[in-house]
Asks: 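Before we start, here is the structure in question, set down as structure tokens.
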There are 2 protein chains.
Amino acid sequence: MNVELRHLRAFVAVARTVNFTRAAEQLHIAQPSLSHTIRQLETALGIRLFARTTRSTALTQDGERFLVEAQAVLDRFDAAMEQSSRMASGELGRLRVGYLIGAAVDHVPAILREFADQYPDVALELTEYDFASPNGGLDSGETDVALVRPPLDGVPDAVTTTLLSERCVACVSALHPFAELPRVTVAQVLPEPIVAAPGDNVWRDYWILASYRDTPANITHEAATFEAELQSVAIGRGLSVVPESVARLYGRQGVRYVPIEGMADCEVAVVHREDAPRSAANFARIAARVTAEGSGPDVRG
Amino acid sequence: MNVELRHLRAFVAVARTVNFTRAAEQLHIAQPSLSHTIRQLETALGIRLFARTTRSTALTQDGERFLVEAQAVLDRFDAAMEQSSRMASGELGRLRVGYLIGAAVDHVPAILREFADQYPDVALELTEYDFASPNGGLDSGETDVALVRPPLDGVPDAVTTTLLSERCVACVSALHPFAELPRVTVAQVLPEPIVAAPGDNVWRDYWILASYRDTPANITHEAATFEAELQSVAIGRGLSVVPESVARLYGRQGVRYVPIEGMADCEVAVVHREDAPRSAANFARIAARVTAEGSGPDVRG
DNA sequence: TAGACTTCATAGATGGCGTCTATGAATGTG
DNA sequence: CACATTCATAGACGCCATCTATGAAGTCTA
């Protein structure tokens, strides 16, 4: 017969009360069951733990020694359960965070600081993704949570929390006919040669305005980063559709940003899978709160 | 549901092999049972321990952390079992040894030395008993094993190992008619006034030769030690029947020792209860061996 | 000293659950 | 493309943990 924790729990209860009846009540079992369990334990160990009369119960010398051991095992077990509970609640563990370049850059430091504050025992692992991986590692399972720009692709059971939205603008060469316009329409943009993300997925489709088109876009170049896009644009390979905040982040050397009338705003969201560890949800919650509260360090200007 | 050691054992086995099928074989259970057990554990802990595909198994981050915990619990448990095993075999614990004054005095030091040598982790507690407690504390449960002179009384399930036997002699005053005789018969002793142990038990009966008598003995005095007996004898209260070795131990100031013809030899034995801890039997075994091997320090002369 | 009460052990019944067999689904492999 | 391997699921079975009922023994009280 295998000794189980229930034997130790029973033993410790009896050892502490020195009374089978009361110990049984504490354990929420019947007294004969407890007697049986203790007997099992004694048989398995090969030692007498209690000196029983019909009227009283006392620990034997061996029982006293074993009480220390049993208690130690149970304490160790409780510690393990405590730790697993902290893991379950997301207080303890590791969280792999992915972020797409240019997504919520203003807020990321505050989000991370707040999360680290609130969950000091969670090890954060940050990975930056470029437009070649617009899902921020969620599709491959490399990350647990990600700051990305929808739409996502290949992320089953994704839980998405939108953090902010902003206008989309057309980024054109300073020499481009659009360069000095106050705005352009989607219809004006569609025929233009366009610089797009690499690959072939719903995310790239989004930024080349595929949903507005009848015929395929004229993609003249592919770039995985804003810098690369802007360079391509600057040397006249075509225009590029980007979030408005890019204007702020990457300046205007050789390019101009022109709002696109009639195009829906684009968003930044924090995303995790439904079955991700709890800390992913915690991160998403904190990200949403931090983004809503402060607008981040004001680097505009 | 309560987490039991079998869950931890199952978890550790799977974590080590990273293979449900092989782990199940090691645990001697069927693979579906193991899957079920692991699932139970995961549910109870609220965390995913394994990342399972239909083709492979891997520990999650949480699983890796919990493996350390689970292993620690099992290690602690194994240590407890190891210790209880040592208690069961009598290698570890306490042994309460009682000895009757004058019983095997020559051999006791060697016995204790040998036992302490062989069982260094058993704490010996020695208690001396006089003729008021000829059972050496076995009857009251004060001791676990005792060096005594049979017969015993009130010790249920006594396991007796005879160590040695010796002649009985009559101890008489130097002025007593028997004093210069080379020997006396039982019949000669019976009518004499006699000094006996206190109380009323089979042991006292033995030394007053009750089994040889038709009528009660004429007990003139009671004494709980040899010294007291010899003093009573010396001042003429009567004779006393004692083991021959007493002559050697207590000298001859005012008394003489006369062999009793026709009286069976008396014995020294090591005794413990059937249900005594294993170390009691160990002690008895060692006592028998030491007594048989050496005759102890030679203090005769 | 007798009766009542307390406490632990025993006996027998029952039901929950741990384990089993059989089977399916998924996926890497020759 | 068929096969082998691995884990999950479903349903059945049987052990054993627990239960209720009762007994035995000792303590306390009147």
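Just so it is clear: chains get the letters A, B, ... in the order the sequence lines come, proteins before strands, and each one is counted from 1. Below, each value reflects all heavy atoms present in this structure, side chains not excepted, and no hydrogens, waters or symmetry copies. Every value quoted in this text rests on a predicted model; they were computed, and no experiment measured them.
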Asks: Is the ring centre of A:F11 less than 6.0 Å from the ring centre of A:F50?
Replies: yes
Asks: Under the side-chain contact (heavy atoms from CB on, under 4.5 Å) test, which residues partner A:A58, sequence neighbours left out?
Replies: none
Asks: So which protein nitrogen or oxygen atoms get under 3.5 Å of nucleotides 3-6 of chain D's nitrogens or oxygens?
Replies:
residue	atom	partner	partner atom	Å
D:dT5	O4'	B:R55	NH1	3.4
D:dT5	O2	B:R55	NH1	2.4
D:dT6	O2	B:T54	O	2.7

Asks: Looking at residues at least two apart in the chain, or sitting in another chain, which of them share a side-chain hydrogen bond (donor to acceptor under 3.5 Å, both in side chains) with A:R273?
Replies: none
Asks: Please identify each residue that fulfils salt bridge (charged side-chain N to carboxylate O under 4.0 Å, His left out) with A:R96, with sequence neighbours left out.
Replies: A:D144
Asks: What residues form a side-chain contact (heavy atoms from CB on, under 4.5 Å) with A:A103, not counting sequence neighbours?
Replies: A:L100, A:R149, A:V268
Asks: Whole Å only: how far is the CG atom of B:L34 from the C1' atom of D:dT9?
Replies: 15 Å
Asks: Specify the separation, in whole Å, of atom CZ of A:F50 and atom C1' of C:dA9.
Replies: 15 Å
Asks: With a cut-off of less than 4.0 Å, is there a side-chain N or O of A:S35 near OP1 or OP2 of C:dA9?
Replies: yes
Asks: Restricting to side-chain contact (heavy atoms from CB on, under 4.5 Å), what partner residues turn up for A:E222, sequence neighbours left out?
Replies: A:P198, A:R204, A:I219
Asks: Assign a letter to each nucleotide of nucleotides 11-22 of chain C from its 5' end: B, base within under 4.0 Å of a protein heavy atom; S, sugar-phosphate only; -, no contact.
Replies: -------SBBBB
Asks: My understanding is that only residues two or more places apart in sequence, or in another chain, count here; which of them pass salt bridge (charged side-chain N to carboxylate O under 4.0 Å, His left out) with A:E125?
Replies: A:R94
Asks: Any side-chain N or O of A:R52 below 4.0 angstrom from OP1/OP2 of C:dT7?
Replies: no
Asks: Between the side chains of B:Q31 and B:S35, does any donor sit under 3.5 Å from an acceptor?
Replies: yes
Asks: The criterion is side-chain contact (heavy atoms from CB on, under 4.5 Å); which residues satisfy it with A:T127, sequence neighbours excluded?
Replies: A:Y129
Asks: What integer distance in Å separates B:R39:CZ from D:dT9:C1'?
Replies: 10 Å
Asks: Measure from CD on B:E42 to P on D:dC7 and round the result to the nearest Å.
Replies: 13 Å
Asks: Starting from P on D:dA17, measure out to CG on A:L41 and report it in whole angstrom.
Replies: 12 Å
Asks: Rounded to the Å, how far apart are A:E25 CD and C:dC8 C1'?
Replies: 14 Å
